[in-house]
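Every heavy atom of this structure was used, including side-chain atoms; hydrogens, water molecules and symmetry mates were not.
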Amino acid sequence: MMSRIPDSFVEEVRRRVDIVDVISEHVQLRRSGRSFVGLCPFHNERTPSFSVSPDRQLYHCFGCGAGGTVIRFVMDLEGLDFQEAVVALARRANLPLPFEPDSSTTVSSQRRNRREAMLQAHELAAKLYNYILMNTPAGVQALAYLEGRKISRKAAMEFRLGFAPADGSTLHAFLRRRGFADDVLIDAGLVVPLGGRVVDRFRGRLMIPIEDTQGRVVAFGGRILAPDGKPKYLNSPDTEVFHKGRLLFHLYGARKAIREANQAVLMEGNLDVVSAWQAGVENAVASLGTSFTPEQAARLKRMTNRLVIAYDGDAAGQAAAARALDIAQEAGLDVRIAVFPNGADPDEYIREEGASAFRQLLEHDALSATEFLISRLRSEADLSQLAGRTEFLKKVLRVLWERASPIERDSQLHILAQEFRVSREALAEELAAIGRQVRRTQRSARRELRHVETPPKPLQPGYVLAGRRLLQAALTDERARQQLAEEGIDELATPEQTALLAFIYAFFATHSSADVRSFLDNLPDSELVRFASSLLVEEIPEYDPSEIAGYVHTVRLKSLETAWRQALTDSGRAQARGDVDAAQTLRHRAETLQKEIQRLKRPLLG
């Protein structure tokens with residue numbers, strides 16, 4: 001695909017791209033001192049442990065250990081290799097690439113990797129489908145369908161809508177002419193083997209491109225146009241470049257609006273999102289042909305604290321909304337639910353009631369989680385019978401205890417007392433009884449889990465901390481590296497520290513003008529990258545040769561003490577097996593080491 005990217009260009013990319021800007025598109029960051037903190041995008045958490053340093057242009061998660069430069073962040077988040085991440089960031093910064101991209105229309109397996117071929121095939125497919133919709137007689141039926149749903153051509157172009165002809169060979173022939181192999185297209189989910197030949201997966205469908213978090217087309221959703229066609233909606237299968245449980249439709253396009261509003265709107269259907277955008281709601285996204293997942297909730301949580309669920313108003317849609325509510329709340333999102341009357345879906349509601357009414361429902365009339373759950377209980381209850389009313393009240397009180405704030409509990413108790421003509425005191429007493437039962441259950445569960453609780457981590461010994469300080473200095477200051485080399489320090493307190501120090505010496509010996517970000521991006525061991533990033537996000541004092549000397553003293557003393565204990569142990573073993581000469585030699589070594597230890601300790605004692 002490309003020649004090796006020059007180091008100078010990589011350094012220019014790092015200089016031109018701000019890590020806070022990049023990460024804030026995926027993580028909701030808030031300033032904390034000189035750094036920014038947020039929820040880690042690489043593991044699920046509810047308390048922020050993800051730190052970004054604008055000064056050093058580095059990130060580190062104290063929960064899972066992920067860390068590195070902006071290039072590493074893009075690599076890990078998007079599943080890219082180093083060169084792909086550099087190219088993505090260079091394009092973001094509008095930097096011309098220092099190589100000639102492949103201008104040939106032939107896709108050669110020797111020149112492009114499989115993943116890149118899949119991405120390019122999807123991009124070409126999106127352009128072909130859009131051209132067919134907008135510029136050919138074959139697209140007339142799909143355009144008429146969009147007009148019937150009051151979706152404008154402007155919206156169609158914004159979402160790159162298209163049409164897949166029913167003949168079943170248009171896309172396959174188009175991509176084959178450009179050199180794409182059948183096995184790549186099959187694995188990409190664009191074509192399928194059928195009866196000894198290969199045909200387009202999508203036939204006779206309105207096509208909706210699905211983008212990843214970088215805005216690249218990685219899949220499609222297809223809506224059948226034939227009245228008796230099945231299935232009504234067809235999505236791309238999971239592939240190497242598309243995982244429907246992790247992505248959200250239109251998240252790339254909605255990311256700016258979500259951050260500005262500090263709120264996302266979650267819908268069921270892709271075309272509902274298109275209609276919402278056309279109605280002025282640009283922060284809407286949709287799950288992709290599957291139930292809302294914890295991964296999708298975590299992705300939204302990194303961008304906002306608030307979510308409005310706007311699923312279809314029918315029974316199936318409301319049941320799905322209840323499931324999505326639980327997942328969203330588990331991720332720490334503040335959730336409200338928009339309920340569309342008479343079982344309508346959002347697109348129908350917009351067409352019938354108008355954009356203004358739709359925005360009013362989302363912004364002002366959406367139900368709290370408690371109100372929504374109570375309304376669902378009400379729809380399922382038999383309130384004509386005493387037993388049904390009693391059971392309904394018990395379930396509502398349970399919801400109030402588990403979900404409602406104290407203010408919401410008080411308000412709902414007042415409403416329930418008036419509606420069912422029972423005293424507020426009786427309801428409050430029943431609510432308290434439910435609370436006592438829940439607390440007893442929780443205490444019992446905690447007792448059962450006590451034996452598996454993780455003990456607190458012990459404090460690190462002084463020599464381990466000294467090793468950390470020496471590594472921090474060596475990573476950030478050439479004078480410190482030179483001082484350590486002159487002192488002959490090549491071993492620290494732990495194997496991990498020693499390994500990192502060796503890489504520091506080796507890298508800066510041949511890259512004297514490089515900085516620590518270049519070192520991290522060239523560090524081949526991912527665990528050492530995590531370790532180094534954990535060192536670099538801490539506050540590191542200015543270089544002080546006397547302070548470095550003190551840490552060297554601590555490390556050297558520990559090394560001597562370890563060697564002294566080993567010599568004594570080996571001497572005892574030699575004596576036990578009758579090797580008198582070896583035992584004597586080892587005792588002499590132990591005595592020499594002990595004298596050196598005492599010499600090093602004297603300044604500390606004096």
Side-chain angles (χ1 to χ4, degrees), residues 39 44-48 263-264 266 291-294 297-298 300-301 304-311 313 315-339 364-450 452-453:
L39 296 176
N44 291 330
E45 62 178 6
R46 300 191 67 169
T47 302
Q263 179 172 279
L266 178 67
S291 299
F292 189 53
T293 66
L300 286 175
K301 174 60 179 174
T304 180
N305 293 318
R306 300 187 299 152
L307 179 67
V308 176
I309 298 174
Y311 281 8
Q318 295 303 283
R323 293 191 296 271
L325 167 64
D326 288 339
I327 291 170
Q329 287 192 321
E330 182 63 28
L333 287 160
D334 177 15
V335 187
R336 299 184 73 81
I337 301 91
V339 179
H364 303 291
D365 298 334
L367 304 179
S368 69
T370 303
E371 291 170 330
F372 172 71
L373 294 172
I374 291 175
S375 72
R376 281 184 53 76
L377 291 173
R378 188 182 297 277
S379 68
E380 298 166 356
D382 178 8
L383 300 181
S384 65
Q385 302 292 325
L386 175 62
R389 293 195 295 272
T390 302
E391 183 66 18
F392 169 72
L393 286 172
K394 286 184 176 181
K395 289 180 178 179
V396 169
L397 291 173
R398 179 83 182 202
V399 168
L400 291 179
W401 178 263
E402 293 178 347
R403 306 273 190 143
S405 67
I407 293 176
E408 197 168 19
R409 285 180 195 170
D410 187 73
S411 176
Q412 287 293 334
L413 288 179
H414 180 73
I415 293 170
L416 292 169
Q418 287 189 326
E419 179 181 357
F420 292 95
R421 297 186 178 182
V422 295
S423 72
R424 188 187 178 289
E425 289 73 17
L427 292 174
E429 186 176 339
E430 182 69 20
L431 181 65
I434 290 172
R436 289 193 292 272
Q437 180 185 0
V438 170
R439 285 193 292 267
R440 282 197 299 271
T441 303
Q442 291 172 341
R443 283 197 297 269
S444 176
R446 283 197 296 270
R447 282 196 296 271
E448 292 177 4
L449 289 172
R450 270 178 195 158
V452 297
E453 287 182 357

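Distance alone, capped at 3.5 Å, is enough to place a donor-acceptor pair between the T390 side chain and the L386 backbone. Side-chain atoms of R389 come within 3.5 Å of backbone atoms of L383 as a donor-acceptor pair (strictly under, hydrogens ignored). The backbone N or O of F372 lies less than 3.5 Å from a partner atom in the side chain of S375, making a donor-acceptor pair.
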Query raised in the report: Does the pair E408 and S368 meet the rule for a side-chain hydrogen bond (donor to acceptor under 3.5 Å, both in side chains), with working shown?
Result: CA-CA 10 Å; E408 197 168 19; S368 69; 2.7 Å; yes

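Across all non-hydrogen atoms, the minimal contact from T47 to L39 is C-CD2, 3.8 Å. Summarising the geometry of V308 relative to A366, their closest heavy-atom pair is CG1-CB, 4.4 Å, with the distance given to 0.1 Å. Heavy atoms only, all atoms of each residue included: A417 and S423 are closest at CB-C, 4.3 Å. Counting all heavy atoms, side chain and backbone alike, R376 lies closest to A322 at NE-CB, 3.8 Å. T304 and R306 make their closest contact through OG1-N, 3.2 Å (heavy atoms, listed as atom of the first residue, atom of the second, distance).
Between I415 and S411 the shortest side-chain heavy-atom distance falls below 4.5 Å. F292 has its side chain out of reach of R323: every pair of non-hydrogen atoms, C-beta onward, lies at least 4.5 Å apart. I374 has its side chain out of reach of L416: every pair of non-hydrogen atoms, C-beta onward, lies at least 4.5 Å apart.
Atom CH2 of W401 and atom CZ of R436 lie 9.0 Å apart (nearest 0.5 Å). A distance of 6.5 Å separates CD of E419 from CZ of F392, quoted to the nearest 0.5 Å. We find the CD1-CG distance between I337 and L325 to be 4.5 Å, quoted to the nearest 0.5 Å.
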Residues 393-400 side chain polar contacts: donor-acceptor under 3.5 Å, at least two apart:
| unit_1 | atom_1 | unit_2 | atom_2 | d |
| --- | --- | --- | --- | --- |
| R398 | NE | E402 | OE2 | 2.7 |
| R398 | NH2 | E402 | OE2 | 3.2 |

Show me the donor-acceptor pairs, under 3.5 Å and distance only, between side chains in residues 326-334 and residues at least two apart or in other chains.
| unit_1 | atom_1 | unit_2 | atom_2 | d |
| --- | --- | --- | --- | --- |
| D326 | OD1 | R403 | NH1 | 3.3 |
| D326 | OD1 | R403 | NH2 | 2.5 |
| Q329 | OE1 | R403 | NH1 | 2.4 |

